[in-house]
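The structure appears right after this line, and notes come after that.
In this chain, residues are counted from 1 in sequence order.
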Amino acid sequence: MLIGRILFRSFGRVSVLGISALLALVGVGIMIFNDNLYVGAVGVFLWGIGASLGFPVGRSVAGDNSNGAPERVAIVSTLEFLSSLVLIPLIGILSDSFGLVRSLIVVMIAVFISAILTPIVKNKV
């Protein structure tokens, strides 16, 4: 969280949103596709840095422009809530068949989608 806050102050909200998504994507990828315990720990660390500000900064960026801010914040909050309700059970179901680590590919796909959508945020703020 501390590293995330330093990034936040250095680069600004929208940039940190993109950096967070990329760090989380790299971290999850390292964790999933690596067999070395120490390299996997680095992946978990990167994932944690990326995830530390993803939701709060996303919500904050949604409320930056006062025109339509309540609607955007509501949409972001709803997507955050739905991701918790859908992704967590889905990972549990997939882990029965593929194992927990391999089922985290779903998380990697979700983070990849958020990384792709980050440039849209720059145009809307």
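- Within the 3.5 Å criterion, the main-chain N or O of A74 finds no donor-acceptor partner in the side chain of S77.
- In this structure, the separation between CG on L82 and CD1 on I75 is 12.0 Å, given to the nearest 0.5 Å.
- I109 is connected to L117 through a chain of hydrophobic side-chain contacts under 4.5 Å among Ile, Leu, Val, Met, Phe, Trp and Tyr, so both are in one cluster.
- At a threshold of 4.5 Å between non-hydrogen side-chain atoms, the residues L104 and W47 count as touching.
- Neither V86 nor V106 shares a network with the other; the hydrophobic side chains, linked directly or stepwise wherever heavy atoms of I, L, V, M, F, W or Y lie under 4.5 Å apart, form separate groups for each.
- Separating the CG atom in L85 from the OG1 atom in T78 is a distance of 11.0 Å, to the nearest 0.5 Å.
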Could you list the donor-acceptor pairs under 3.5 angstrom formed by side chains in residues 90-97, with sequence neighbours left out?
from: S95; atom 1: OG; to: I91; atom 2: O; distance (Å): 3.3
from: S95; atom 1: OG; to: G92; atom 2: O; distance (Å): 2.7

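- Put simply, I113 and I88 are part of two different groups of oily side chains (I, L, V, M, F, W, Y) that touch within less than 4.5 Å, one to the next.
- Considering all non-hydrogen atoms of both residues, E80 and S83 come closest at O-OG, 2.7 Å.
- At a threshold of 4.5 Å between side-chain heavy atoms, the hydrophobic network of Ile, Leu, Val, Met, Phe, Trp and Tyr places V107 and I116 in one connected group.
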Using atom types as modelled, flag every donor-acceptor pair under 3.5 Å from a side chain in residues 17-40 to any protein atom, sequence neighbours excluded.
from: S20; atom 1: OG; to: V16; atom 2: O; distance (Å): 2.8
from: N34; atom 1: OD1; to: N36; atom 2: N; distance (Å): 3.3
from: N34; atom 1: ND2; to: N36; atom 2: O; distance (Å): 2.7
from: N36; atom 1: OD1; to: Y38; atom 2: N; distance (Å): 2.7
from: N36; atom 1: OD1; to: V39; atom 2: N; distance (Å): 3.2

